[in-house]
Structure formats: C-alpha cells, structure tokens
Amino acid sequence: MAGNMPPLHTSVRTRRSPLMSAELYRTTRPGLLRLGDEGQTVQVAGWVHNRRDHGGIAFLDLRDATGLLQVVVDPEAGVASADVLSGLRREYVISVVGVIAARGADHANTELGTGEIELVATELRVLSAAEALPFQLDDRVEVDESLRLQYRYLDLRRPAMAANLQARSKAIRAMRRVLDDQDFLEVETPTLVASTPEGARDVLVPSRLRQGHFYALPQSPQLFKQLLMISGVDRYYQVARCYRDEDFRADRQIEFTQLDLEGAFWGQEDVLQTLEEIAVAVVSDLRGIELARPFPRLTWQEAMDRYGTDKPDIRFGMEVQDLSAVFAETEFKAFAGVLGRGGTVRGINAGEQGLARAGLDGLVDRALSLGAKGLVWMVVEDDGALRSPVAKFLNDAEKAALIGELDASPGDLLLIVADEFKVVSKVLGALRLDMGQPEGHEELAFLMVTDFPVFEVADDGALVAMHHPFTAPEDIDEMVANPQAAVSRAYDVVLNGSELGSGSVRIHDPDTQAKVFAALGISEEDATRRFGWFMDALRYGTPPHAGFAYGIDRMVSILQGLPNIREVIPFPKTQTGSDPLTGSPSRVEDAQLAEIGIAVAPEVVASWAEDGE
RNA sequence: GGGGGCGUGGUGAAGUCUGGAGUUCACGCCGGCCUGUCAAGCCGGAGGUCGCGGGUUCAAAUCCCGUCGCUCCCGCCA
C-alpha cells in the first residue's frame with residue numbers, strides 16, 4: 001500500500017532541520033520512510049497508536065493512513081516536558097521532529113514496512129488530546145457492528161478499514177483511467193427524477209413547489225444515459241449513486257454506487273470487451289495480478305442448467321445433473337408425478353460431507369424454505385449401496401444410473417430435487433453454494449453470462465422484463481410470436497457467485513419499444529403517459545447503443561475478500577436502514593411537513609406514542 | 001411480512017440447556033515499578049440495572065410472554 005504512494009512533500013522533505021513551528025506539522029508521512037532514509041531529520045504527524053513505556057526509554061507507534069512508524073523517546077533528550085510525555089495516551093494527535101535511524105537486525109520489526117528504521121525524537125508536540133475510546137482499534141476483538149457504525153470515524157482509523165477506503169479509491173481511479181483513455185465523457189445526471197412503477201421500490205422526495213407531487217431518487221441513470229446517446233455523447237460514463245428501497249442484505253444497501261457506462265454505435269461485443277478491460281485494470285491495481293482474457297462465457301440457459309443460477313460461482317464444480325431420463329419409468333410416485341406434469345428431476349453430488357441425520361434434516365428444511373416440496377438425500381455406502389429414506393422406492397437400474405450420472409463414489413452425499421425447472425434450479429443452486437462454496441475470495445473467477453430471456457413470468461402470470469423494458473430482443477418477430485422463449489441481448493458480469501453488474505444492447509427504434517411495452521401488458525395509453533417523453537426522443541434519430549453498470553461496492557468488497565459491502569462503504573446504514581452515527585432517518589418539525597403539504601398518518605403518530613417517542 | 005442467531009463492567013467472550021451471592025477469562029482504562037520494546041513486562045486498583053418491560057418462583061443473567069436493537073436467510077431487489 002505505502003509502496004505505491006509517491007513520497008509527499010519531496011521538496012519540503014529535503015529542507016534541513018525542520019523546526020517545530022506553529023503551522024508546520026510534518027515534512028513527510030510515517031508509513032513512507034524506509035531503510036536508506038537514515039540520518040535525515042524529518043517531522044511527522046499522526047495518532048499515537050500504541051505506547052510502550054520502559055520508565056526510561058519509551059516507544060510510540062505513530063500512525064496515519066500511510067502506516068506505522070516507531071518513535072523512540074529518551075526522557076533525558078529534552079523532547080518535551082515530563083508531564084507531556086507521561087500524559088501521552090492512545091489516539092493523541094502529535095507532531096514529532098526527529099532523526100531517522102536504522103534499528104539494526106536485533107531490533108527490526110518485520111511486521112512493519114517501516115520496521116527496519118525508527119524515528120529518534122528531538123521534539124514532540126501534542127496537537128490534540130483523546131479520551132479513552134469506546135472500543136479498541138486493534139483487531140484483537142471483533143466489535144459489534146452498530147457500535148462501529150456509531151463511531152464510524154474511529155472505525156475508519158483502523159488500518160484494515162483505511163485499506164478498504166484506499167482500495168475503493170484505487171478501483172474507481174482504475175475505472176476512470178480505462179474509460180478516459182478511450183475518450184469516454186463523464187456526465188452527471190439528476191438525482192431527483194420521475195418515479196417509475198417498474199422494478200424496485202423508489203425512494204420518494206416530496207416537492208415543495210408542487211405539493212402532492214414527488215421526485216424519486218434514481219434506481220439507475222438508465223434513461224438519462226440513453227438520452228445522452230441520442231444527444232450525441234458518443235461514450236458516457238458516471239460513478240453514479242443509485243437508490244433502491246428494498247430490504248437490506250449483506251450485499252445490498254438502500255443507496256449504492258455503480259460505474260454506469262454506455263456507448264453509441266456499440267454492440268454487445270464492444271461492451272463486453274470494455275468490461276473485461278475495466279475488470280483487468282481494477283484487479284491489477286487492487287490485487288496485483290493480471291486476469292486471463294477472454295473471461296469465460298455461459299449463456300443464461302447453460303448457467304441455469306449447470307449451476308441452477310444466473311450468477312454461478314465457477315470456482316468449484318458440483319454441477320447440477322439432469323436425472324429426468326434416469327427416472328423416466330420410475331415407480332417412485334414423487335418423481336413420476338413431477339415428470340408427468342412436465343417438471344424435471346435434477347441432482348448434485350455434494351461430495352463427502354459426513355453429515356449426521358440432524359444435518360441432513362437441516363438440508364431438507366433449507367430446501368423447503370427455498371420453495372421445494374421436498375429434498376431427497378442419498379449417501380453412497382462403502383459397498384455402493386444407497387442409504388436414503390427413498391432408496392426402497394428405486395430399482396437397481398435406477399440406482400446404478402443415478403450413481404453413474406452423478407459420478408458418485410462411496411461417502412458421497414447426493415441431493416435430488418423434483419419440481420418445475422425454476423424451483424429445482426433455485427433449490428439446487430442454493431444447496432450447491434451451501435455445500436461447496438469456498439470461504440473468502442482468494443481465487444477470482446470472473447464470468448460473463450449472456451442471452452438472458454427477455455421476460456420472466458411473474459407470480460400472477462403476467463410477463464415482466466427480466467432486465468428492463470429498454471433491452472433489445474435478439475429477434476423482435478420471434479419475441480412477439482413467442483415472448484416466453486424470447487432471448488434478449490442482455491448480459492451480466494459475475495464474480496465468485498456475485499452479480500457485479502448487468503447491461504444490454506438497448507432498443508433504439510420506437511416501433512420495437514412499443515412492441516415490448518405491449519408484450520409487457522402496458523397499454524399504448526399508459527406507455528405514452530409514462531414514457532412518452534422517451535418514446536418521442538427515440539424518434540429524432542437514435543444511434544444503436546449499448547451499455548452496462550458495474551456495482552462498485554460489490555466489486556471492491558469481493559476483491560478485498562470481505563463478506564459484506566458495508567466494509568467498503570464509508571458510512572453505510574444498518575439492516576433496518578438507520579445510521580447510528582447521525583440518527584437518520586429522523587422525524588422532522590411539523591412546520592417542515594406543513595411546508596411540503598405532508599401529514600404523517602394518524603396510526604403512525606399513534607405508534608410513536610406507544611414507543612415513547 | 002416470515003424464519004434463525006446474538007444482546008453479560010469500556011470492548012470481546014464464558015456462564016443460560018440443568019434457577020441458588022454479579023462469578024470467571026482476555027483486552028482496554030487508572031495508579032506504581034521498569035532504558036530496546038514492538039499485541040512490551042511486573043504489581044495494584046476501579047468499573048456491571050446481565051438490552052428493556054411483564055410473568056413464574058422462596059429465589060431469575062438463567063424458565064415463560066412481550067418488546068427493542070444488531071445480524072444472517074426467505075419473500076422482495078426491472
């Protein structure tokens with residue numbers, strides 16, 4: 001980390017003998033000094049990370065974002081008054097003048113980048129005192145996250161968190177470098193926009209000037225970037241804050257950041273090439289490794305068939321196998337019934353899991369919670385027999401074929417689900433991750449998933465856009481004739497089982513756009529009312545265009561090997577959408593509400609009274 | 001909206017199943033000693049309404065009910 005940073009204040013640093021003055025705090029930074037700097041007189045400033053006081057000589061670890069530097073204080077050297085020296089505590093902010101000295105092999109600390117040297121203090125000044133902290137900044141104990149969030153400014157001092165902030169900045173810098181080199185134009189789009197009923201729930205903002213009317217915060221800059229294509233902006237990008245008001249997850253916050261990009265006269269291949277270049281640059285800068293190109297590709301159908309999900313983690317096998325043919329003539333009613341209704345029977349070989357009965361029952365519960373009607377588990381015995389509650393319903397040929405299809409060996413756990421394709425895929429896809437997904441993110445497996453369906457069938461039977469309604473179908477006539485089977489020119493980038501982002505070739509002709517709206521059951525009248533302005537824009541000469549959006553929070557968190565995106569967001573919100581530091585969201589004055597013509601519903605006011613608010 | 005986990009001095013954990021004195025461990029904090037440590041060491045000390053409310057009981061951190069907060073998952077997330 002420090003190694004990549006250019007020395008700060010090089011010109012100042014060569015000054016002779018900096019004297020402690022009111023306005024000069026430092027001439028260099030603690031983490032930047034190295035063997036070879038011995039003999040130099042420097043001034044550094046930062047926080048007292050730790051203090052080791054031997055009564056006579058004392059050691060201070062001076063910390064700033066560049067790292068730690070050991071400062072040696074001899075009480076008889078006149079560095080500062082005895083009171084000042086004995087009063088130094090953790091997290092005091094100090095400025096120290098001293099001479100860099102080599103520590104010698106006996107005293108070197110190989111854990112620190114600066115471990116071969118130390119600063120022998122000649123002068124020390126306290127810039128700011130610090131009370132005892134509400135939690136320790138070392139990694140000895142894992143502090144409750146709400147406490148970390150309440151004191152996020154302290155949490156961010158921890159070297160690991162400082163490294164996350166730096167990684168995020170480096171990632172965005174790499175993205176900008178790639179796109180700037182290709183003459184992309186960075187354009188900002190509004191954050192107060194019109195609400196659209198599709199997709200996620202909007203975050204609404206009441207208008208004061210038009211009471212009873214609302215802005216929405218953008219779920220993405222989608223339509224604005226398409227307008228920019230129509231405007232003649234040839235290649236666009238933006239580091240864009242986006243807002244989706246759905247429930248939180250480890251990888252989802254109400255506000256998040258995307259690298260949004262779009263290009264005119266572009267097709268799918270142009271986008272995918274650029275996405276690879278961006279990923280290669282970011283990974284190179286954060287991990288120091290060069291990813292092999294091209295990235296592997298799967299169509300959506302292949303991904304679903306082999307991994308049960310549209311965002312497969314391909315770091316491990318355990319692929320889903322179609323067992324429908326094995327059980328085509330089965331006497332086992334559960335399977336036969338599903339196959340008779342046009343469903344499918346599939347399974348995975350979870351390998352040697354060594355689960356006891358309770359663990360296997362847990363898997364069944366997990367499958368049920370995922371929407372399965374049941375889960376068949378089988379353990380291959382040493383003699384090749386199958387131990388399973390349903391083994392007695394299967395004949396020898398079926399058992400043999402099953403073992404063959406799943407390439408099963410003694411000790412292996414086989415998990416089988418029978419249902420409609422969607423359910424089977426979801427359940428086996430999730431169980432596959434439960435059983436086999438590697439811990440952490442040491443290995444990086446990027447993947448492009450292409451050829452998503454245009455539509456998916458909602459619970460009420462209606463068609464909804466799988467990507468969004470501005471995505472170009474492969475073939476518009478086929479789409480009209482058989483919408484459920486229609487393939488779109490939409491694609492995702494997946495990393496280690498996480499969707500890093502998605503994009504598509506867009507519709508650039510108003511007739512096609514109208515047909516997609518029609519297929520979605522949006523009447524011409526509705527389409528005109530909601531998207532008329534956009535349909536109009538398409539009529540004045542629209543270049544074919546395509547684009548993508550990378551989720552920056554997810555990308556950085558995975559590259560940093562972290563389990564949730566809050567670690568790479570400076571000031572995230574809790575799962576219930578609150579910020580323990582600032583207390584948002586908060587109630588506002590009645591006068592503020594009156595000004596915007598809003599009244600809180602009586603039952604909500606009543607609930608405040610109950611909660612003692 | 002639903003399910004799971006967690007909540008104990010400043011921090012983290014054990015104690016909770018099987019009720020019996022706020023008990024223990026590590027870190028931090030305060031004071032003392034200590035001239036080469038680096039998660040310094042040694043000695044001493046302070047610090048808790050066991051998230052909150054109610055119930056059962058002679059007795060509740062422990063059992064029951066409710067509630068709040070954090071977190072993971074399902075639903076949701078074009």
Side-chain angles (χ1 to χ4, degrees), chain A residues 49-62 68-77 86 89-91 101 103-104 106-112 114-115 118 120 131-151 154 196-202 219-220 222-223 242-254 256 362 365-372 426-427 430 433-434 452 454-456 458-459 463-471 488 490 499 502 504 516 520 522 551 563-564 566 573-576 578 580 610-613:
Chain A
H49 190 68
N50 195 10
R51 171 174 179 246
R52 295 175 294 280
D53 187 347
H54 290 243
I57 194 168
F59 301 95
L60 305 174
D61 291 332
L62 186 74
L68 292 177
L69 173 67
Q70 174 162 286
V71 176
V72 187
V73 180
D74 181 341
E76 292 171 13
S86 67
R89 294 289 178 270
R90 283 166 202 255
E91 299 307 306
R103 289 209 208 178
D106 289 354
H107 302 309
N109 181 351
T110 52
E111 305 279 303
L112 295 179
T114 61
E118 60 193 358
V120 180
E131 295 178 14
L133 266 43
F135 56 87
Q136 294 163 233
L137 298 191
D138 55 39
D139 293 326
R140 251 181 250 216
V141 289
E142 193 175 331
V143 182
D144 183 71
E145 198 172 344
S146 58
L147 194 65
R148 290 174 54 202
L149 292 182
Q150 186 184 345
Y151 298 96
L154 299 180
T196 53
E198 286 77 26
R201 198 176 290 114
D202 281 324
Q219 296 185 22
S220 80
Q222 183 59 38
L223 290 177
C242 305
Y243 305 84
R244 292 175 195 176
D245 190 4
E246 298 294 344
D247 287 355
F248 289 62
R249 283 283 193 283
D251 63 351
R252 277 175 12 204
Q253 285 264 311
I254 188 170
F256 58 99
D365 289 343
R366 169 78 170 148
L368 294 176
S369 85
L370 289 162
K426 184 179 157 192
V427 175
L433 292 177
D434 291 347
F452 277 68
V454 180
F455 305 109
E456 60 185 330
D459 291 338
L463 290 181
V464 295
M466 188 166 238
H467 185 53
H468 57 56
F470 314 103
T471 300
S488 75
E499 181 198 316
S502 54
S504 63
V516 171
L520 288 168
I522 300 173
N564 79 58
R566 295 187 300 276
K573 288 170 182 53
T574 68
Q575 200 165 44
T576 49
S578 69
E610 279 174 30
D611 298 341
E613 272 193 50

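Note that the structure is predicted; figures quoted are calculated from it, not measured. Lettering of chains follows the sequences in order, A, B, ..., and the numbering in each one begins at 1.
Across the interface with RNA chain B, nearest-nucleotide mapping of A:Gln222 and A:Asp144 shows A:Asp144 to be the residue nearer the 5′ end.
The phosphate of B:C73 has neither OP1 nor OP2 within less than 4.0 Å of any side-chain N or O from A:Lys426. Put simply, A:Thr574 has a side-chain N or O that comes within less than 4.0 Å of OP1 or OP2 on B:C70. Considering only side-chain N and O atoms, A:Gln575 lies under 4.0 angstrom from the phosphate OP1 or OP2 of B:C72. The side chain of A:Ser578 contributes an N or O atom lying less than 4.0 Å from OP1 or OP2 of B:C70.
Separating the NE2 atom of A:His54 from the P atom of B:U37 is a distance of 7 Å, rounded to the nearest angstrom. Taking atom CZ on A:Arg52 and atom C1' on B:C33, their separation rounds to 19 Å, with Å as the unit. The separation between A:Gln150 atom CD and B:G10 atom C1' is 13 Å, rounded to whole Å. Between the CZ atom of A:Phe248 and the P atom of B:C74 there is a distance of 16 Å, rounded to whole Å. Atom CG of A:Asp53 and atom P of B:U37 are 14 Å apart (whole Å). With rounding to whole Å, A:Glu91 atom CD is found 13 Å from B:G28 atom C1'. The CZ-C1' distance, from A:Arg244 to B:C77, rounds to 8 Å in whole Å. Residue A:Arg90 contributes atom CZ, which lies 13 Å from atom C1' of B:C30 at whole-angstrom precision.
B:U37 is unpaired under the criterion used here, namely a Watson-Crick or G-U wobble arrangement in which both key atom distances are under 3.5 Å. Within the shown strands, B:C25 is the pairing partner of B:G12 under the Watson-Crick or G-U definition, both distances less than 3.5 Å. For B:A61, there is no paired base (Watson-Crick or G-U wobble, both distances below 3.5 Å). Base pairing of B:G7 is made with B:C68, judged by Watson-Crick or G-U wobble geometry with both donor-acceptor distances under 3.5 Å. Of the nucleotides present, B:C30 is the one that pairs with B:G44 by Watson-Crick or G-U wobble criteria, both distances under 3.5 Å. Under the Watson-Crick or G-U wobble criterion, with both distances below 3.5 Å, B:U18 has no partner in any strand shown.
Judged by distance alone, with hydrogens and angles left aside, A:Gln70 brings a side-chain donor or acceptor within reach of the base of B:U37, the pair sitting under 3.5 Å. Donor-acceptor pairing under 3.5 Å, judged by distance alone, is present between the side chain of A:Arg252 and the base of B:C77. Taking 3.5 Å as the limit, the base of B:G12 and the side chain of A:Gln136 contain no donor-acceptor pair of atoms between them. Evaluation of atom-type donor-acceptor distances gives a pair under 3.5 Å for the side chain of A:Arg249 against the base of B:G75.
With B:G36, B:U11, B:C70 as the choices, the nucleotide that has an atom nearest any side-chain atom of A:Leu147 turns out to be B:U11. In the set B:G28, B:U71, B:U35, the nucleotide with an atom closest to the side chain of A:Ile57 is B:U35. Set against B:G31, B:G12, B:U37, the side chain of A:Phe59 has B:U37 as its closest nucleotide. Residue A:Arg566 places its side chain closer to B:U71 than to any other of B:C73, B:U37, B:U71. Relative to the side chain of A:Ser146, the nucleotides B:C27, B:U11, B:C70 differ in distance, and B:C70 lies closest. You'll find that the side chain of A:Val141 is closest to B:G12, out of B:C76, B:C29, B:G12. If you check B:G36, B:C73, B:G28 against the side chain of A:Arg103, the one that comes closest is B:G36.
The separation of B:G15 from B:G22, taken at their C1' atoms, amounts to 11 Å, rounded to a whole angstrom. Look at the C1' atom in both B:A61 and B:G9: the space between them is 14 Å, to the nearest Å. Of the C1' atoms belonging to B:G75 and B:G4, the separation is 15 Å, rounded to the nearest Å. Taking atom C1' on both B:A14 and B:U8, the two are 10 Å apart, rounded to the nearest angstrom. Across B:C73 and B:G55, the matching P atoms stand 38 Å from one another, rounded to whole Å. When the C1' atom is compared between B:C74 and B:G53, the two are found 30 Å apart, to the nearest whole Å. A distance of about 25 Å separates the P atoms of B:C42 and B:U11, rounded to the whole Å. The separation of B:U16 from B:G51, taken at their P atoms, amounts to 15 Å, rounded to a whole angstrom.
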Exercise for the section: Begin with the C-alpha distance, continue with both residues' side-chain angles, and end with the deciding distance and a verdict on side chain to side chain contact (heavy atoms under 4.5 Å, CB included) for A:Asn109 and A:Arg103. Expected result: CA-CA 9 Å; A:Asn109 181 351; A:Arg103 289 209 208 178; 3.8 Å; yes
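Evaluation of the salt bridge (charged side-chain N to carboxylate O under 4.0 Å, His left out) rule for A:Asp139 yields A:Arg158 as partners, not counting sequence neighbours.
When heavy atoms are screened at a 4.0 angstrom cut-off, A:Glu118 is found touching base atoms of the nucleic acid. Residue A:Glu142 is classed as a sugar-phosphate contact, given heavy-atom separations below 4.0 Å to backbone atoms only.
To the nearest 0.5 Å, atoms CZ (A:Arg52) and CG (A:Leu60) are separated by 8.5 Å. Distance NZ/A:Lys573 to CD1/A:Ile254: 7.5 Å, rounded to 0.5 Å. For the atom pair CG of A:Leu133 and CZ of A:Arg90, the computed distance is 9.5 Å after rounding to the nearest 0.5 Å.
Aromatic stacking is not marked for A:Phe135 over B:U11, as the cut-offs of 5.5 Å for the centres and 30° for the planes do not both hold.
Between the side chains of A:Gln575 and A:Arg566, no donor-acceptor pair of N or O atoms lies under 3.5 Å. Side-chain N/O atoms of A:Gln219 and A:Asp202 include a donor and acceptor closer than 3.5 Å.
No side-chain heavy atom of A:Gln150 sits less than 4.5 Å from a side-chain heavy atom of A:Glu145. Counting only heavy atoms from C-beta outward, the side chains of A:Phe470 and A:Gln222 approach each other to under 4.5 Å.
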